[in-house]
Visitor: 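Starting off with a structure, shown below.
Everything numeric in this text was worked out from a predicted model, so none of it was measured.
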Amino acid sequence: MVVQNVNIVKEKIQGRDGTVKEYISNGDYVISCQGVLSNKDNTLPEDQARALNEIFNVPQSVQIVSLFLNNVFEIFDVVIESPTVAISEGKRNSIPFSFTAISDVPITFEELKIE
């Protein structure tokens with residue numbers, strides 16, 4: 001699921017019902033993802049879980065390759081938030097996971113014009 005936030009400032013004005021809205025900009029996209037790591041045999045997919053955990057622990061934005069996110073939303077980098085990994089009772093060979101990610105646009109030094 002992909003949700004886009006919009007940055008809007010709402011001002012209350014005395015004597016007027018409701019608020020005056022000022023559009024500031026489009027905000028970040030929030031992407032929700034869920035899946036299951038699994039093995040065909042009855043063993044725990046430990047190597048896959050370790051690899052996923054390494055991605056979750058990267059302290060910077062992560063480049064992604066996704067026809068849907070790249071072509072439709074022009075999202076190429078995300079910052080992963082709220083990773084969740086569980087264990088399924090009675091299912092030794094599968095590990096469900098989910099996470100949310102926020103779209104990111106890396107800043108270049110050219111954009112940081114200090115005067």
Visitor: Determine, stepwise, if the pair Ile80 / Ile55 fulfils side-chain contact (heavy atoms from CB on, under 4.5 Å).
Guide: CA-CA 9 Å; Ile80 296 173; Ile55 294 169; 3.7 Å; yes

Visitor: Atom CD1 of Ile102 and atom OG of Ser61: how far apart are they, to the nearest 0.5 Å?
Guide: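 The distance works out to 12.0 Å.
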
Visitor: Should the heavy atoms of other residues, nucleotides or ligands under 6.0 Å from CD of Gln48 be counted, would the total exceed 12?
Guide: yes

Visitor: Tell me whether Ile87 shares a hydrophobic cluster with Val85, the cluster being built from Ile, Leu, Val, Met, Phe, Trp, Tyr side chains joined at under 4.5 Å.
Guide: yes

Visitor: Applying side chain to side chain contact (heavy atoms under 4.5 Å, CB included), can you list everything that pairs with Asn5, at least two apart in sequence or on another chain?
Guide: Val30

Visitor: Could you tell me which residues satisfy side chain to side chain contact (heavy atoms under 4.5 Å, CB included) with Phe76, sequence neighbours excluded, listed by chain and number?
Guide: Asn70, Glu74

Visitor: In residues 6-20, what donor-acceptor pairs under 3.5 Å come from side-chain atoms, sequence neighbours left out?
Guide:
residue, atom, partner, partner atom, Å
Asn7, ND2, Ser25, OG, 3.0
Arg16, NH1, Thr19, O, 3.4
Thr19, OG1, Lys21, NZ, 3.2

Visitor: State, with a plain yes or no, whether a side-chain heavy atom of Asp77 is found less than 4.5 Å away from one of Val105.
Guide: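 Counting from C-beta outward, Asp77 and Val105 never come under 4.5 Å.
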
Visitor: Counting only heavy atoms from other residues, nucleotides and ligands, does the tally under 6.0 Å from CD1 of Ile24 exceed 12?
Guide: yes

Visitor: Give every donor-acceptor pair under 3.5 Å between a side-chain atom in residues 89-99 and any protein atom, sequence neighbours left out.
Guide:
residue, atom, partner, partner atom, Å
Arg92, NE, Asn42, O, 3.4
Asn93, ND2, Asn39, O, 2.8

Visitor: Which distance, rounded to the nearest 0.5 Å, do you find between the CD1 of Ile75 and the CG of Asp28?
Guide: 9.5 Å

Visitor: Quick one: pull up CD in Gln4 and CD1 in Ile31 and give me the separation to the nearest 0.5 Å.
Guide: 10.5 Å

Visitor: Please list all pairs meeting salt bridge (charged side-chain N to carboxylate O under 4.0 Å, His left out) that have one or both residues in residues 50-62, counting only residues at least two apart or in different chains.
Guide: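 Sorted result for residues 50-62: Glu46-Arg50, Asp47-Arg50.
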
Visitor: Please identify each residue that fulfils ring pair (Phe, Tyr, Trp, His ring centres under 6.0 Å) with Phe68, with sequence neighbours left out.
Guide: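 Ring pair (Phe, Tyr, Trp, His ring centres under 6.0 Å) list for Phe68, sorted by chain: Phe73.
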
Visitor: With the 4.5 Å side-chain cut-off for hydrophobic clustering, are Val2 and Ile64 part of the same group?
Guide: yes

